[in-house]
Chemist: 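Got a structure for you, questions after.
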Amino acid sequence: MMTPASRFIVHNDLRAGYLSVKEEIDSAILRVLDSGWYILGKEVRAFEEEFAAYIGVRFGIGVGSGTEALHLAMRACGIIPGDEVITVSHTAVATVAAIELCGAKPVLVDILPDTFLIDPEKIERAITPQTKAIIPVHLYGQVADMEAVRSIAKRYGLRFIEDCAQSHGALLKGRRSGSWGDLGAFSFYPTKNLGAMGDGGMVVTDDPELAERVRGLRQYGWHQRYVSEFPGVNSRLDELQAAILRVKLRYLDRWNELRREKANRYTTLLEGLGIYCPIAKEPQQHVYHLYVIRVKHRDRLKTFLKERGIETLIHYPIPIHLQKGYQHLGYRIGSLPVTESCSDEILSLPLYPEISESDIEEVATQIAHFMKASHGSI
Ligand SMILES: *Cc1c(COP(=O)(O)O)cnc(C)c1O
């Protein structure tokens, strides 16, 4: 018989994050309300500068979401209908949706089975005369092989845009994610490592011309009010979100360090159970947006944990190339074998900066029970 769970362990607790800096956020919000200026003002400008400096690039342009950051980064590179853009199928649908917002064709390649990140060898094989850009995704908080991607992009004359929606603050060889490519695209969706209290995004770049293009594109192609230099869209970060994000940016490194500590604790506790745990080649490479294990009988483990009051999620249960909404891309089962086998075995465990040590231990203990029990019965 199952014993009723004494408490519920959630996958993420956004309220705990808010409460940890409540006074500063409340006063930032009141400051904006009182200013009488709500769109593209002082807060957005200050946050763009602070975030760009944090990433280690010259320019940041606040936009409406991570999807829009990717879309406008591609538009700034001149990507148009008929072009092809290479990315992975093992990502948030947003990456692929952004490519289609440009009218371009997403070309999806397979990942490496140990890191779940883009396989550089597969990129080269996917390049055609129509290819214009590569978008590596730093999934789960870990930076992809930037040196390999950069050298391929150089060799073939392609643009290189990083999807950093899950990697705020992650470092590879001392450089932050977002500073490797021609442009980096960030999301501030509430669950991200740096999350707003609504939607938001940012494009970062070192290139002044690309920065100017994105700045125009986010607001009807304006450099000057009411004067459109080219067709644009409405995709702006608002003052309230920028003010909140300015507070949270000051805590990002500390929160990422807490995520790393808790992730390492999981890895220690789960050792020897026959579960594949995430590994980082460099300690600061990973900011553990998600702690994703790989395990056989994943669905049974998920149910087992749920019955014991532990919430887990799957990022992502259906690879994009097999989703109903993306059948027009022309892939089928077997097209991307590594991606497909991962999606059957991955499970995201509860992880956020404020999660308690005892919750982590409880999750690990229950996983150990399941693994020992399933040894006999499966
Ligand atoms: C969240 C996310 C996005 C999209 O960000 P939104 O702000 O939700 O539009 C893009 N790519 C990845 C990998 C994401 O996780």
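Residue numbers run from 1 in the order of the sequence given. Whatever order the structure lists ligands and atoms in, that order sets their numbers, starting from 1.
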Chemist: Just to be sure I read this right, does ligand 1 sit under 4.0 Å from the backbone of Ala165, its side chain, both, or neither, counting only heavy atoms?
Modeler: side chain

Chemist: Could you list the atoms of ligand 1 found under 4.0 angstrom from a heavy atom of Ser65?
Modeler: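 The list of qualifying atoms is 7 (O), 9 (O).
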
Chemist: Before signing off on this row, confirm whether Gly66 and ligand 1 have an N or O atom pair separated by under 3.5 Å.
Modeler: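 Among all N and O atoms of Gly66, at least one is under 3.5 Å from an N or O of ligand 1.
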
Chemist: Hey, which atoms in ligand 1 end up nearer than 4.0 Å to a heavy atom of Thr95?
Modeler: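 What qualifies from ligand 1 is 11 (N).
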
Chemist: Less than 6.0 Å separating the ring centroids of Tyr140 and Phe116?
Modeler: yes

Chemist: Nearest non-hydrogen atom to atom 13 (C) of ligand 1 belongs to which of Val63, Asp163, Asp199?
Modeler: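 Nearest option to atom 13 (C) of ligand 1, by heavy atoms: Asp163.
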
Chemist: Tell me whether the NZ or CZ atom of Arg150 lies within the 45° cone about the ring axis of Trp180 and under 6.0 Å from its centre.
Modeler: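 Judged by the rule (NZ or CZ under 6.0 Å from the ring centre, within 45° of its axis), Arg150 is not positioned above Trp180.
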
Chemist: Around atom 10 (C) of ligand 1, find the nearest protein heavy atom and jot down its residue, atom name and distance.
Modeler: Ala94 CB, 3.5 Å

Chemist: If hydrogens are left out, which of Gln166, His315, Lys192 has an atom nearest to atom 2 (C) of ligand 1, that is, the closest non-hydrogen atom?
Modeler: Lys192

Chemist: Under 6.0 Å between ring centres: does that hold for Phe51 and Phe59?
Modeler: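 When the ring centroids of Phe51 and Phe59 are compared, they turn out to be at least 6.0 Å apart.
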
Chemist: Check each heavy atom of Thr91 against ligand 1 and say whether those closer than 4.0 Å belong to the side chain, the backbone, both or neither.
Modeler: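 Answer for Thr91: side chain.
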
Chemist: Are a donor atom and an acceptor atom from the side chains of Ser89 and His321 found within less than 3.5 Å of each other?
Modeler: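 Ser89 vs His321: donor-acceptor pair found between side chains.
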
Chemist: Test side-chain hydrogen bond (donor to acceptor under 3.5 Å, both in side chains) on Thr128 and Glu84; report intermediate values, then the result.
Modeler: CA-CA 8 Å; Thr128 75; Glu84 291 178 3; 2.9 Å; yes

Chemist: In this structure, does ligand 1 have an atom that sits under 4.0 Å from one of the heavy atoms of His138?
Modeler: no

Chemist: What is the distance from atom CD of Gln219 to atom OG of Ser235, rounded to the nearest 0.5 Å?
Modeler: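 Between atom CD of Gln219 and atom OG of Ser235 there are 10.5 Å.
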
Chemist: In the protein, which heavy atom is nearest to atom 9 (O) of ligand 1, and how far is it?
Modeler: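 Here the nearest protein heavy atom works out to Thr67 OG1, 2.5 Å.
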
Chemist: Show which atoms of ligand 1 fall inside a sub-4.0 Å distance from at least one heavy-atom site of Val137.
Modeler: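 This gives 13 (C) as the contact atoms.
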
Chemist: Are the aromatic ring centres of Tyr352 and Tyr288 under 6.0 angstrom apart?
Modeler: no

Chemist: Under a 4.5 Å side-chain heavy-atom rule over Ile, Leu, Val, Met, Phe, Trp and Tyr, are Trp255 and Leu19 clustered together?
Modeler: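 As far as the 4.5 Å side-chain criterion goes, Leu19 and Trp255 are connected within one cluster.
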
